[in-house]
**Student:** 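This is the structure I have questions about; it appears just below.
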Amino acid sequence: MSLNGLWKTALGAAALAMACGASAAPKGIAVSVVPEKHALGQEDDVVVSVTVTNTSDSPQYLLKWRTPFEGVDAPLFDVKRDGEPVPYLGALVKRGAPKQSDYFLLKPGASHTVKVELSALYDMSVTGDYQISYKTASPDLFWNGHGKDMSEMASEAATVWVDGRLPRGATPQAVLDLEAMKRDAANPSPSAGSLSFSKCTTTQQTTITQALSAGLNMATNSDAYMSSGAPGPRYTKWFGATDSARVNRVKANFAAIKDAFANKPVTVDCGCKKTYYAYVYPTQPYTIYVCKAFWSAPLTGTDSKGGTLLHEMSHFNVVAGTDDHAYGQAAAANLAITNPALAVENADSHEYFGENTPALQ
């Protein structure tokens, strides 16, 4: 995958831009981003206040995961430095399909404001003018549009000057790190295909070993399918209408996922106590943090342990660089119909293709 995988492929970025073009959501939601400071030094944190306002005369229910109200574990901001995309450094989380309890109620005319430190989430190591906007899209963004058409929330861009550790025009540290990881991947050490554990009991280690084997089998089967000829119903179910560029993207993704399972040094951390399945930092391969929902999932089948590891493996920028545009089978299947350009970079779409439950040819 090219360095553009740090933020999005050109195809996916164009599709997301089309989905997020307005400064206020069509449901009557307005978003603003206001920096605490407009000029910052090397030691300053980049902090912004994000305000979401219900401009309609009806209650609005917003998916909490797509707001910064309970922390940020998705690339909810579009950050550019001198017009160039800035790499996201934060976590990406696998969740189940959202329930109504996962939505935040914003009453008519009400606003909610939260402060976010962006310098911990985006690479702002290079000196320059930074343009920061809030920009998120999902078919599950609003409860009353749950799982259907893509909805969006976006703000106008705010501008800050950052006097960073690196001079203006330098290559961001995250890009240098990715280049180093690619060199390491091309020259693996003898123990590259190892599995190690952190904070895992002996029983958990046994379960994870089985899950990793299941994930490898799914990736191997998926890679074989994508290499076998013209895609059939299994492909179109999860990735939509066939297009040579998108088919090649999915083919390359599964080849890379298979290789990562088989040949890379994977670490699984069992210390997470959150209710969701798992998470990773896409710039930090190949460590996967498994959480509560992982342990109650079946080994194979829909939303399985093996599928969860495949989902997470796809997120790493050196593997497939996927994002989380839609969660759950219904939303992923609908995404394939309505926006195949986003489906081919959606982690759950890769997981459900790999799990292939119910089986399709």
Side-chain angles (χ1 to χ4, degrees), residues 1 5 92 94 181-182 184-198 200 202-228 231 234-235 238-239 249-270 277-282 284-291 293-322 329 332 344-361:
M1 186 176 186
L92 289 174
K94 171 174 166 55
M181 287 186 287
K182 284 182 175 292
D184 293 342
N187 300 283
S189 64
S191 60
S194 63
L195 172 62
S196 59
F197 307 96
S198 177
C200 302
T202 301
T203 300
Q204 288 174 329
Q205 291 181 26
T206 299
T207 299
I208 291 166
T209 301
Q210 294 169 344
L212 194 78
S213 178
L216 172 59
N217 288 339
M218 292 174 189
T220 300
N221 176 271
S222 299
D223 177 55
Y225 178 97
M226 292 303 301
S227 301
S228 64
R234 180 178 174 186
Y235 176 92
W238 302 115
F239 298 115
R249 166 76 187 270
V250 174
K251 182 178 180 180
N253 285 355
F254 278 115
I257 294 167
K258 172 189 171 183
D259 178 70
F261 273 118
N263 300 314
K264 305 308 179 190
V266 178
T267 298
V268 178
D269 188 301
C270 302
Y277 286 87
Y279 68 94
V280 298
Y281 293 94
Q284 299 176 26
Y286 297 89
T287 299
I288 300 173
Y289 301 82
V290 293
C291 306
F294 175 85
W295 301 110
S296 58
L299 182 63
T300 58
T302 302
D303 289 316
S304 62
K305 291 184 178 73
T308 294
L309 296 184
L310 188 156
H311 174 119
E312 297 303 331
M313 193 69 79
S314 78
H315 275 320
F316 293 121
N317 290 333
V318 294
V319 179
T322 61
Q329 278 197 335
V344 301
E345 62 170 40
N346 186 53
D348 255 6
S349 303
H350 287 74
E351 175 180 343
Y352 296 136
F353 182 95
E355 292 171 337
N356 196 25
T357 306
L360 296 171
Q361 297 301 315

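The model shown is predicted, which means the values in this text are computed figures rather than measured ones.
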**Student:** Applying side chain to side chain contact (heavy atoms under 4.5 Å, CB included) to T308 and V290, what does each step give before you reach the verdict?
**Tutor:** CA-CA 9 Å; T308 294; V290 293; 5.5 Å; no
**Student:** To the nearest 0.5 angstrom, please state how far the OG1 atom of T209 sits from the CG atom of L195.
**Tutor:**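 Reported value, rounded in 0.5 Å steps: 5.0 Å.
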**Student:** Run the numbers on L309 and L216 for side chain to side chain contact (heavy atoms under 4.5 Å, CB included), then give the verdict.
**Tutor:** CA-CA 9 Å; L309 296 184; L216 172 59; over 6 Å; no
**Student:** Report yes if some heavy atom in the side chain of T206 is under 4.5 Å from a heavy atom in the side chain of Q210; otherwise report no.
**Tutor:**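 Result yes, sub-4.5 Å side-chain heavy-atom pair found.
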**Student:** Taking atom OH of Y277 and atom OG of S304, what is their separation to the nearest 0.5 Å?
**Tutor:**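 Taking OH in Y277 and OG in S304, the distance rounds to 9.0 Å.
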**Student:** Please name all residues satisfying side-chain hydrogen bond (donor to acceptor under 3.5 Å, both in side chains) with T357, sequence neighbours left out, ordered by chain then number.
**Tutor:**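 T357 satisfies side-chain hydrogen bond (donor to acceptor under 3.5 Å, both in side chains) with no other residue.
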**Student:** Would you say Q204's side chain and C270's backbone share a donor-acceptor pair under 3.5 angstrom?
**Tutor:**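 It does not hold such a pair.
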**Student:** P285 and side chain to side chain contact (heavy atoms under 4.5 Å, CB included): which single residue from V319, N317, V266, V318 fits?
**Tutor:**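 In the set V319, N317, V266, V318, the residue that makes a side chain to side chain contact (heavy atoms under 4.5 Å, CB included) with P285 is V318.
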**Student:** Just wondering, more than 12 heavy atoms not from F197 lying within 6.0 Å of its CZ?
**Tutor:**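 It does: F197 CZ has more than 12 such atoms within range.
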**Student:** Provide the closest heavy-atom pair for A278 versus E312 in the form atom of the first, atom of the second, distance.
**Tutor:**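 So the minimum-distance heavy-atom pair works out to O-OE2, 3.4 Å.
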**Student:** Once you measure the plane-to-plane angle for H311 and H315, does it fall in the parallel (<30°), tilted (30-60°) or perpendicular (>60°) bin?
**Tutor:**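 Correct class here is perpendicular.
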**Student:** Under the ring pair (Phe, Tyr, Trp, His ring centres under 6.0 Å) test, which residues partner F261, sequence neighbours left out?
**Tutor:**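 Ring pair (Phe, Tyr, Trp, His ring centres under 6.0 Å) list for F261, sorted by chain: empty.
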**Student:** For the residue pair S222 and R234, what are the closest heavy atoms and their distance?
**Tutor:**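 Nearest pair, atom of S222 first, then R234: OG-NH2, 3.5 Å.
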**Student:** Quick one: closest heavy-atom pair of C200 and D269, and the distance?
**Tutor:**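 Here C200 and D269 meet closest at SG-C, 4.3 Å.
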**Student:** Taking salt bridge (charged side-chain N to carboxylate O under 4.0 Å, His left out) as the cut-off, I'd like each qualifying pair that reaches into residues 212-228, sequence neighbours left out, listed once.
**Tutor:**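 Counting only pairs at least two positions apart or across chains, the salt bridge (charged side-chain N to carboxylate O under 4.0 Å, His left out) contacts touching residues 212-228 are D223-K258.
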**Student:** By salt bridge (Lys or Arg N to Asp or Glu O under 4.0 Å), which residues pair with E351, not counting sequence neighbours?
**Tutor:**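 Per chain and number, E351 pairs via salt bridge (Lys or Arg N to Asp or Glu O under 4.0 Å) with K94.
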**Student:** Listed by chain and number, what are the ring pair (Phe, Tyr, Trp, His ring centres under 6.0 Å) partners of F254, not counting sequence neighbours?
**Tutor:**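 Result, ring pair (Phe, Tyr, Trp, His ring centres under 6.0 Å) vs F254: H350, F353.
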**Student:** Side chain to side chain contact (heavy atoms under 4.5 Å, CB included) between Q284 and V280: does it pass, once the steps are laid out?
**Tutor:** CA-CA 8 Å; Q284 299 176 26; V280 298; over 6 Å; no
**Student:** T207 side chain to T203 main-chain N or O, any donor-acceptor pair under 3.5 Å?
**Tutor:**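 Confirmed, T207 side chain pairs with T203 backbone.
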**Student:** Out of curiosity, M218 CE to T300 OG1, how far, rounded to the nearest 0.5 Å?
**Tutor:**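 That separation rounds to 5.5 Å.
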**Student:** Who are the side-chain hydrogen bond (donor to acceptor under 3.5 Å, both in side chains) partners of Y352, not counting sequence neighbours?
**Tutor:**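 With neighbours one apart ignored, the set is D303, D348.
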**Student:** Is there side-chain contact between Q329 and W238, with heavy atoms separated by less than 4.5 Å?
**Tutor:**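 Of all side-chain heavy-atom pairs linking W238 with Q329, at least one is under 4.5 Å.
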**Student:** Rounded to the nearest 0.5 Å, what separates atom CZ in F316 from atom OG1 in T322?
**Tutor:**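 One finds 10.0 Å between CZ of F316 and OG1 of T322.
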**Student:** Any donor-acceptor pair under 3.5 Å linking the side chain of K305 with the backbone of I208?
**Tutor:**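 A pair under 3.5 Å: no.
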**Student:** Check whether N221 reaches the backbone of Y225 with its side chain - one donor and one acceptor, N or O, closer than 3.5 Å.
**Tutor:**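 Not a single qualifying donor-acceptor pair exists.
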